[in-house]
Asker: 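The structure follows.
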Amino acid sequence: MIALCDVNNFYVSCERVFNPALDNRPVIVLSNNDGCAVARSNEVKSLGIKMGAPLHQIQDLVEQHNIAVFSSNYVLYGDMSQRVADIVEQYSDQTEVYSIDELFILFQGFDHLNLTNHCQKMVQQIHQWLGLPVCVGLAPSKTLAKVANHYAKKLNIDGRVLNLSHEYYIKQALEHLPVNELWGIGRRLSEQLHQMGIRTALELRNADIKTMRKRFSVVMERTILELRGIACIDFDADPEKKKQLICSRSFANKSSDFELIKQAVAYHVTRACASLRQQESVAQCLTVFIKTNPFSQKDPQYSNSITIQLPQASDFTGHFLAAASHALKKIYKPGYLYKKAGIMLTNLSDKGTLQTDLFSPDINSPKNSQLMQAMDCINDRFGKGKLKSAREGFGQQWAMKSERKSKEFTTRWDNLLSIR
DNA sequence: TCTGGGGTCCTAGGACCC
DNA sequence: TCTGGGGTCCTAGGACCC
């Protein structure tokens with residue numbers, strides 16, 4: 001059996017843990033740059049505010065219903081997420097962190113246990129230790145576990161665990177589930193399924209598998225098999241290293257200032273290279289991209305990207321900074337108001353198996369390596385960005401808006417909550 | 001005026017090989 | 001008019017996820 005453990009309205013729930021006045025009050029957490037609503041409390045959902053709604057479009061509702069609005073606080077959410085995972089690991093040694101608020105749990109050799117009870121205990125412990133509400137769906141496949149989790153939340157199941165292992169209940173659940181709510185069936189696919197007359201998850205499960213494979217792809221075939229209780233999406237306890245790393249941010253305000261964009265790009269390169277070293281990879285390709293605000297009706301639009309290949313894969317920030325600065329000069333056009341810049345590292349490989357070139361000098365000197373190590377060490381100990389490249393500048397004039405962020409309650413001594 | 005930031009997997013088609 | 005039968009690798013684009 002596979003369980004999906006998912007924290008309800010995760011970001012909102014994290015805010016509520018440290019601010020009980022938010023209980024029973026509508027709460028929203030915004031995306032980066034205070035742009036869109038990316039987490040909503042149940043009260044907000046029932047007001048009809050959609051996932052991803054831009055804040056400026058729902059401003060009236062916010063005032064009307066006295067909705068509490070927060071900037072996203074990833075340090076807090078990341079730490080809380082880790083704490084959830086730590087607890088879950090006590091209940092099975094096979095867990096797969098699927099996202100910041102979800103884990104799959106594999107229960108193998110647990111036949112002696114009543115899994116529903118086992119998971120209920122886990123839910124209780126998470127609630128007691130962290131104050132976070134989680135729901136668990138149990139089923140023979142990941143896709144069905146997702147379905148079970150969906151109903152555990154929706155039906156407000158006692159004990160917050162729904163076990164979907166009996167054929168009768170599986171059918172019941174799928175019969176009432178619109179096909180577009182399935183994991184792996186997005187907007188495009190459900191449109192096409194609708195055209196074929198397939199509207200519920202049960203109808204999809206009963207569809208002819210060969211026809212569906214032909215018409216769609218192996219992905220669709222797997223979804224159907226999973227709905228039939230045949231697990232075919234791998235359980236991946238320790239995910240491979242990232243195959244690409246992207247770092248980008250929108251600017252607080254649009255700008256055509258080359259120097260400002262250059263500093264933002266340097267900042268992104270620095271962050272990406274630190275992640276690269278952390279997972280002990282090297283990258284050979286660097287992509288730099290910039291774009292104007294696509295939502296603007298009146299500003300002339302421009303976006304471009306360029307990919308540069310290093311002579312050798314590397315993890316030395318300096319090489320990527322130099323390449324990025326070169327790349328940016330090529331794509332930057334004056335006169336446009338830019339809103340976003342970012343970089344991407346691709347063609348990643350293991351640092352241990354790094355191939356050097358027989359005919360050109362090695363660009364990865366031990367000196368560079370030591371320098372990066374020292375830098376990472378200092379930044380780990382004294383905080384991200386304590387030591388940085390001069391190219392990043394000091395002002396960070398482009399820095400995103402984050403005007404309503406709560407404190408780092410769990411990771412900074414001086415942000416510790418005091419109780420009177 | 002204001003609209004996020006990450007990721008993954010699969011397929012078709014082109015270029016190439018013998 | 002007739003023009004084989006296998007392969008591999010790479011990339012762009014499309015779909016999905018949170």
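Quick note on labels: first sequence line is chain A, next is B, and so on, each numbered from 1. Note that this is a predicted model, so its numbers are computed, not measured.
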Asker: Which helical stems does DNA chain C take part in, if a stem means at least 3 consecutive Watson-Crick or G-U pairs with both distances below 3.5 Å?
Answerer: B:5-18 with C:5-18

Asker: Can a side chain N or O of A/Lys339 be found less than 4.0 Å away from OP1 or OP2 on B/dG4?
Answerer: no

Asker: Apply side chain to side chain donor-acceptor pair (under 3.5 Å) to A/Asn364 and A/Ser314, showing your working.
Answerer: CA-CA 6 Å; A/Asn364 294 301; A/Ser314 173; 2.7 Å; yes

Asker: Give the rounded distance in Å between these two atoms: CG of A/Leu348 and C1' of B/dG7.
Answerer: 13 Å

Asker: Rounded to the nearest angstrom, tell me the gap between atom NZ in A/Lys142 and atom P in B/dC9.
Answerer: 11 Å

Asker: Let's go through A/Asp299 and A/Lys339 carefully: what are the C-alpha distance in whole Å and the side-chain angles of both, what is the deciding distance for salt bridge (charged side-chain N to carboxylate O under 4.0 Å, His left out) to 0.1 Å, and is it a yes or a no?
Answerer: CA-CA 11 Å; A/Asp299 295 339; A/Lys339 181 64 180 169; over 6 Å; no

Asker: Taking only the side-chain heavy atoms of A/Ser99 (C-beta and beyond), determine which of C/dC18, B/dG6, B/dT3 contains the nearest atom.
Answerer: C/dC18

Asker: Taking only side-chain N and O atoms of A/Ser248, does any of them lie within less than 4.0 angstrom of OP1 or OP2 on B/dG4?
Answerer: no

Asker: Nearest of B/dT3, C/dC18, B/dC2 to any side-chain atom of A/Phe295?
Answerer: B/dT3

Asker: Going by heavy atoms in the side chains, are A/Glu408 and A/Asp79 under 4.5 Å from each other?
Answerer: no

Asker: Would you mind telling me which residue lines up with the more 5' stretch of DNA chain B, A/Phe251 or A/Val218, judged by nearest nucleotide?
Answerer: A/Phe251

Asker: Determine the contact category for A/Leu182: base if any of its heavy atoms lies under 4.0 Å from a base atom, sugar-phosphate if only primed atoms, P, OP1 or OP2 are that close, otherwise nothing.
Answerer: sugar-phosphate

Asker: Check the distance between B/dC9's C1' and A/Met220's CE and give it to me in whole angstrom.
Answerer: 15 Å

Asker: Is the distance from OP1 or OP2 of B/dC9 to the nearest side-chain N or O of A/Lys243 less than 4.0 Å?
Answerer: yes

Asker: Whole angstroms only, please: what is the CG-C1' distance between A/Leu337 and B/dT1?
Answerer: 13 Å

Asker: Output the rounded distance in Å from CE (A/Met344) to P (B/dG5).
Answerer: 15 Å

Asker: Among B/dC2, C/dC17, B/dT3, find the nucleotide with the atom closest to the side chain of A/Lys146.
Answerer: C/dC17

Asker: Nearest to the A/Lys242 side chain among B/dG7, C/dC17, B/dT11, which nucleotide is it?
Answerer: B/dG7

Asker: Looking across every strand, which nucleic acid part, if any, lies under 4.0 Å from A/Leu245 by heavy atom: base, sugar-phosphate, or nothing?
Answerer: sugar-phosphate

Asker: Measure centre to centre between the rings of A/Tyr338 and A/Tyr332, then say whether the value is under 6.0 Å.
Answerer: yes

Asker: Out of C/dC18, B/dT3, B/dG5, which has the shortest distance to the side chain of A/Asn293?
Answerer: B/dT3

Asker: Which of these passes side-chain contact (heavy atoms from CB on, under 4.5 Å) with A/Phe70: A/Val12, A/Val27, A/Ile28?
Answerer: A/Val27

Asker: Could you please name the option among B/dG4, C/dC18, B/dC10 that lies closest to any side-chain atom of A/Arg222?
Answerer: B/dC10

Asker: Side chain of A/Lys298, heavy atoms from C-beta onward: which of C/dC18, B/dT1, C/dA15 has the nearest atom to it?
Answerer: B/dT1

Asker: What closest approach, in Å, do A/Met220 and A/Leu204 show between heavy atoms, and which atom pair accounts for it?
Answerer: SD-CD1, 4.0 Å

Asker: To the nearest Å, give me how far apart CG (A/Asp234) and P (B/dT8) are.
Answerer: 16 Å

Asker: Side chain of A/Arg188: nearest nucleotide among C/dA15, B/dT8, C/dC17?
Answerer: C/dA15

Asker: When you measure from the side-chain N and O atoms of A/Lys340 to the phosphate of B/dG5, is any distance below 4.0 Å, counting only OP1 and OP2?
Answerer: yes

Asker: Do you know the tightest heavy-atom contact between A/Ile105 and A/Cys5?
Answerer: CD1-CB, 4.1 Å

Asker: Should A/Met344 and A/Leu245 count as side-chain neighbours, where that means a heavy-atom distance under 4.5 Å?
Answerer: no

Asker: Between A/Lys241 and A/His56, which is nearer to the 5' end of DNA chain B once each is assigned its nearest nucleotide?
Answerer: A/His56

Asker: Checking all strands, does A/Ile246 fall into the base, sugar-phosphate, or nothing category for heavy-atom contacts under 4.0 angstrom?
Answerer: sugar-phosphate

Asker: In whole angstrom, what separates A/Asn33's CG from B/dG5's P?
Answerer: 7 Å

Asker: Hey, does A/Gln59 reach any base, or is it just sugar-phosphate, or nothing, if we go heavy atoms under 4.0 Å?
Answerer: nothing

Asker: Whether A/Lys407 engages the ring of A/Phe18 as a cation-pi pair (distance to the six-membered ring centre under 6.0 angstrom, angle to the ring normal within 45°) should be assessed.
Answerer: no

Asker: Name the closest nucleotide to the A/Asn32 side chain, picking from C/dC17, B/dG6, B/dG4.
Answerer: B/dG4

Asker: With heavy atoms under 4.0 Å as the rule, sort A/Leu30 into base, sugar-phosphate or nothing.
Answerer: nothing

Asker: Whole angstrom is fine here: how far is it from CZ in A/Arg249 over to P in B/dG5?
Answerer: 6 Å

